[in-house]
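Since the structure comes first, as structure tokens, the remarks are kept for the end.
Computed from a predicted model, the values in this text were never measured in an experiment. Residue numbers start from 1 in every chain, and the chains themselves are labelled A, B, ... in the order their sequence lines are given, proteins ahead of strands.
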Amino acid sequence: MTYREVPAKIDLPEMEHEILKLWSQQDIFKKSLDKSADGPLWVFYEGPPTANGMPGTHHVEARVFKDVFPRYRTMKGFNVPRKAGWDCHGLPVELAVEKELGFTGKQDIEKYGIAQFNDKCRESVVRHVDAFEEMTSRMGYWVDTNQAYWTMDSSYVDSVWWSLKKIFDKGLLVQDHRVSPYCPRCGTGLSDHELAQGYEDVVDASVYVRFPITSGALKDEFGALSLLIWTTTPWTLISNTAAAVNGTVNYVVAKTEDGELFVIAEALREKVLGEDSSVIKTFLGSTLEGTSYQRPFDWVEFPETDSPIHTVLLADFVTTEDGTGIVHEAPAFGAEDLALCKSYGLPVVNPVLPDGTFNQDIPEVGGVFFKTADARLVQLLGENGSLFRHLPYEHSYPHCWRCHTALIYYAQPSWYIRTTAIKDQLIAQNEKTNWYPETIKSGRFGDWLDNNVDWALSRNRYWGTPLPIWRCEDAHLTCVGSRRELAQLSSDASVEMDPHRPFVDDISFKCPECELQANRVPEVIDCWYDSGAMPFAQWGYPEKNADLFENRYPADFICEAIDQTRGWFYTLMAIGTLIFEESSYKNVLCLGHILDEDGRKMSKHLGNVLEPIALMDDHGADAVRWFMLVSGSPWQARRVGHGTIAEVVRKTLLTYWNTVAFQSLYARAGSWDPTTASLTNLTDLDRWAVAQATRLARDVDKALEDFDTQRAGRFIAEYVDDLSNWYVRRSRRRFWDAEHSALSTLHHCLKVVTQVMAPFTPFITERVWQDLFATSEVESVHLSYWPTWSDEEIDDTLRDQVELTRRIVELGRAARAASGVKTRQPLQRALVAAAGWGELPEGLQAQIRDEVNVITLESLAGTDELVDVAIKANFKSLGARFAKETPMIAKAIVAKDAREIVDQLRIGPVELEVEGTVITITLEDVVITEVPRAGWTVASVGGESLALDLALTPELIAQGVARDVTRLIQDARKTSGYDISDRISIVWETSNPDTQRAMNEHREQICSEVLATKWENASVENPVVSDEDLDLRISLIRSS
RNA sequence: GGGCCUAUAGCUCAGCCUGGUUAGAGCGCUUCCCUGAUAAGGAAGAGGUCGAUGGUUCAAGUCCAUCUAGGCUCACCA
């Protein structure tokens, strides 16, 4: 048995497509699940992507992490079912369809017909899910899309209804009239987590407006004077109902330079009216209560009432940080305003229609969009003398997260879940949750819970889970928990019916309480509720799959990007806690966002979106995956571009691949049978490579247990580099000879690294597994078990020794570079000074001699005449003992004769007098550096040195020539395209006597290295190789 | 405005938790070396006020405070 042939060059994307085919033909994903079926369950929940647009590279990010941990856990023997899911409902889908159909508002939808419109939404979802499935497959994300849950499935809706009924029965699902953010374009209220996504910085008109006082003590005292108010929403002035001041704040009557009188907060007088204004009278805000004034626009009619319309009210929320300290009240458009005006019994007037335009009967701005009316109103304020000042004001204002229309705060009836009632439970559940990174737990997410407000659940829309509440004419409410229940209540309904609008709207039944007819309320629910219900709704629980659900709650692992803090992470925890009194996840990985190469957010708007499939077909999915997992910190925002991903390919994937190709090449050339691999008769370097592989398996395991792919990836990359650029580099000759222990070692090491890399880069590792291991092991790397180890297999001493060896070699290279004597020229000896080098095993010392190309290594330390000693203070050990005295003592140590004190310290502790005090220091307190004296070429780093003896003998020169010649011929063989085992014939000539001599003396050595079977010194007509320095011309041909 | 994150070489980022002598890597640039696996590898050079200021400490890139800039996020206080 042999390896399959592994080409040196590889087209990664093409290879990946072949692997995809292999996986599907051999059904590897399913086999990996079957194989682990009896293992302990590790529960993963897939957060459903919203199927309202094409998948982007940011979707790849989260999906890579959702893939890597289940793959890893599966290799560790866990059973990790992976059910895909799609978020189907919601405004985003509706908007996409509206755009397609060219609609501009809800009227168009109603005209078109809800049934047809929802059909279009359903089609749109299916279309986008197809695109997601393609991307999911291409990137190697193993998730079961055949049995995906769809939030629009009837059984899913049943589950959602069931849960809503549970909440309703607890009295936590209620209708309330509240001022809440409302999108006039979409015609629906927004929940707080939707609101959070839509703040935009805008410049609004801010106006200071006169409210002339019409009665009260101040009027009697001063005659003409005005309240001065400030607002950034001039359009609300039409609806002005009252003015509010803080009763405990000082106010003044102030006179402007022009002699006009205003009431204003004392603290803001100078800022608003200027230094030249003067205070006439000071009093507490509470004395203003009841003062009546004249509103700026008297277009809206107020009902007859005894309540104090258009007077001053007292409110705690008024501050003196902005404006004038007098707030204009329009209760229909502000939560605090509404509460205040209600408490004074004031009526609520609202001249703004649900589409955001002013009622037609309003003069000047009837039919105008509320925000657009600002400019005209400011102009009118100027004309009627109300306007005191007009300033642009920049602030961030909420906009609809989908259509970017400015939101309006608008009083309207809406359904709420009283999450504030379970706030303490939510906080307790969060306490039990492991967040990665941890800062989210008490930071972003913790803050969110601390400031919890009731969940505005209802939407006045069409494509969503209908709110399953029926109301009768006497306003009794019935919450229905499934289609089955509905069918029991109404003969119009059936268990099989489509639970969407408009079909459910047509169902009515007799109110169980009063027998009057009950009809469904018109709202659908927030689609975030759908996705948050997935732990049970994906199974259709409790109608179906009760056992499945119960085993798989809560999840061990969920993962999404940071924007889900207020989204899915919240709704999952909130619904889980509401229904089951336990959060639905234990560990949550929260990723940073992907940015473009310039650090900007990717968006269609900016045109900087990387199309994921194109990206993967350019560089390979493995490269994209590795980037996501390892480059930078996953929980911070990261920049992604072609350059960064191409580097992954070069540095990591191809280095790994080349090592594999190397192993295959020589194993096949030597007809080596991998089933005979055995880790016996190993060299020191072999043992090192094996022990490091074991260490790798342990370290990667630990890192992945901590959800730290970055650390794990760095371990892998380091090991791949060690294996390729040290183990293989140093062992080449043994591979040429097809040495069993070397081939066995690399076979083993490649197996380990392939396995631990498999969750990261499933394609290339699968390909390697197929080529090198599948014939002697299980059929796929993804069906193999994670390597096991015992700690004693991990040899720290050997690791340290190899590290020292490599450091000394580096010194040798540096010394070579400094000397100008190239490495191919052998030198007689190198002198080494480095702690512990003498104890290096002979095998490792041979590595040094070979790399540095010297015949012997000698110790520099013993040869005093060649070496100077320098010492420095070891601050760490001194500082611990002498603290403040440290610098003084350090100075005293350095001032001593270095040679003398080192000699003494090598015998024992030394007493030192510093500033009259005698202290004792040991070897540990100094750092000794030995530096060769002049006349030697030396390199020295961190106290370790290597010096080269540059004396050349004719024999050494001849050896150098031989090595030059060998290299020239090898290069010629390669460029001529000879196979590594081809034998050749050589003809050469030179008129240089030194070259002549070297050729003759080293003939045997050269011939064996270059596999020459014939060797002739004769004139060369057409040299394949010629070298001017050596005055050498060679021709070679393949021997028969 | 509140909270969080980030700021280290031209670029991308380690190092900071647990303070210690001369702050690292990769990419890019220059010169050289090594090479019959390599699209690689190595050495040297150039490139740093470790965002700023103050503090703690014998000692600060590292700990603390304040500030600045950028990002994310929350918040329409009128």
Quiz prompt | Rounded C1' spacing from G45(B) to C67(B) in Å | solution = 38 Å
Quiz item: Counting any heavy atom closer than 4.0 Å, what does R714(A) reach on the DNA or RNA strands: base, sugar-phosphate only, or nothing?
Solution: sugar-phosphate
Quiz item: Would you say the base of U35(B) and the side-chain of R967(A) have a donor-acceptor pair closer than 3.5 Å?
Solution: yes
Exercise. Could you tell me the separation between the OH atom of Y570(A) and the C1' atom of C74(B), rounded to a whole number of Å?
Key: 14 Å
Self-check item: Atom-pair distance (CG on L743(A); P on A37(B)), nearest Å
Solution: 14 Å
Exercise. Give the C-alpha distance, both sets of side-chain angles, the deciding distance and a yes or no for side chain to side chain contact (heavy atoms under 4.5 Å, CB included) between V1010(A) and Y978(A).
Key: CA-CA 11 Å; V1010(A) 303; Y978(A) 293 174; over 6 Å; no
Quiz item: Within this structure, what is the NZ-to-C1' distance between K974(A) and A39(B), rounded to whole angstrom?
Solution: 11 Å
Quiz item: Just checking V660(A): base, sugar-phosphate only, or nothing, at a heavy-atom cut-off of under 4.0 Å?
Solution: nothing
Quiz item: Taking the same atom, P, in C58(B) and in C11(B), what whole-Å distance lies between them?
Solution: 38 Å
Practice problem: Report the residues that fulfil salt bridge (Lys or Arg N to Asp or Glu O under 4.0 Å) with D971(A), sequence neighbours left out, ordered by chain and then residue number. | Solution: R967(A)
Practice problem: Pick base, sugar-phosphate or nothing for D979(A), based on heavy-atom distances below 4.0 Å to the nucleic acid. | Solution: base
Quiz item: How far, in whole Å, is A7(B) from G61(B) if one measures between their P atoms?
Solution: 16 Å
Quiz prompt | Under 3.5 Å donor-acceptor, D771(A) side chain and V768(A) backbone | solution = no
Quiz item: When you check the phosphate oxygens OP1 and OP2 of U35(B), does a side-chain N or O of R824(A) lie under 4.0 Å from one of them?
Solution: yes
Quiz prompt | U66(B) and G2(B), which share atom name P, separated by this distance in whole Å | solution = 12 Å
Quiz item: I969(A) and I986(A): side chain to side chain contact (heavy atoms under 4.5 Å, CB included), yes or no, with the steps?
Solution: CA-CA 9 Å; I969(A) 297 172; I986(A) 290 173; 3.8 Å; yes
Practice problem: Write down the distance separating the C1' atoms in G19(B) and C29(B), rounded off to the nearest Å. | Solution: 36 Å
Quiz item: Can you tell me how far P of A37(B) sits from CZ of R668(A), to the nearest Å?
Solution: 17 Å
Quiz prompt | For RNA chain B, stems built from three or more consecutive Watson-Crick or G-U wobble pairs below 3.5 Å | solution = B:1-7 with B:68-74, B:10-13 with B:24-27, B:29-33 with B:41-45, B:51-55 with B:63-67
Quiz prompt | W736(A) CH2 - U38(B) P separation (whole Å) | solution = 11 Å
Quiz item: Looking for any heavy atom pair under 4.0 Å, which part of the strands does Y978(A) touch: base, sugar-phosphate only, or nothing?
Solution: base
Self-check item: Integer angstrom distance from the C1' of U35(B) to that of A46(B)
Solution: 27 Å
Practice problem: For U6(B) versus A25(B), give the span between their P atoms, rounded off to a whole number of Å. | Solution: 23 Å
Quiz item: With respect to the side chain of R963(A), which nucleotide from A37(B), A14(B), C34(B) is positioned closest?
Solution: C34(B)
Quiz item: Under 4.5 Å between any side-chain heavy atoms of V209(A) and H328(A), yes or no?
Solution: no
Quiz item: Given atom CG of D708(A) and atom C1' of A14(B), what is their separation to the nearest angstrom?
Solution: 13 Å
Quiz item: L723(A) near the nucleic acid: base, sugar-phosphate alone, or nothing, with a heavy-atom cut-off under 4.0 Å?
Solution: nothing
Practice problem: Compute the centroid of each ring, for Y666(A) and then for F662(A), and state whether the two points are separated by less than 6.0 Å. | Solution: yes
Exercise. Can you check whether any acceptor in the base of A37(B) is under 3.5 Å from a donor in the side chain of S724(A), or vice versa?
Key: yes
Practice problem: For the pair F627(A) and H619(A), evaluate ring pair (Phe, Tyr, Trp, His ring centres under 6.0 Å) and give the outcome as yes or no after the intermediate values. | Solution: CA-CA 11 Å; F627(A) 171 84; H619(A) 305 279; over 10 Å; no
Self-check item: Atom-pair distance (CZ on F445(A); P on U73(B)), nearest Å
Solution: 16 Å
Quiz item: Is V318(A) touching bases, backbone alone, or none of the nucleic acid, heavy atoms closer than 4.0 Å?
Solution: base
Quiz item: Between K822(A) and I980(A), who's closer to the 5' end of RNA chain B by nearest nucleotide?
Solution: K822(A)
Self-check item: side-chain hydrogen bond (donor to acceptor under 3.5 Å, both in side chains) evaluation trace for Y656(A) with D721(A)
Solution: CA-CA 8 Å; Y656(A) 166 67; D721(A) 187 68; over 6 Å; no
Practice problem: Cation-pi check, R389(A) to Y208(A): give yes when NZ or CZ is under 6.0 Å from the six-membered ring centre and within 45° of the ring axis, no otherwise. | Solution: yes
Practice problem: Would you mind classifying the nucleic acid contact of R730(A) as base, sugar-phosphate or nothing, using non-hydrogen atoms under 4.0 angstrom? | Solution: nothing
Practice problem: Go through the steps for F569(A) and W435(A) under the test ring pair (Phe, Tyr, Trp, His ring centres under 6.0 Å), then give the verdict. | Solution: CA-CA 11 Å; F569(A) 294 152; W435(A) 285 86; 5.5 Å; yes
Practice problem: Could you work out the separation of U8(B) and C50(B) based on their C1' atoms and round it to a whole Å? | Solution: 4 Å
Quiz item: Which of these nucleotides, A37(B), C34(B), G20(B), is closest to any side-chain atom of F875(A)?
Solution: G20(B)
Quiz item: Which part of the nucleic acid, if any, lies within reach of F333(A) when heavy atoms closer than 4.0 Å are counted: base, sugar-phosphate only, or nothing?
Solution: base
Exercise. For T823(A) and for I562(A), locate the closest nucleotide of RNA chain B by heavy-atom distance; then report the residue assigned to the nucleotide nearer the 5' terminus.
Key: T823(A)
Quiz prompt | Atom pair distance, as rounded to whole Å: CG in L878(A) and P in A59(B) | solution = 15 Å
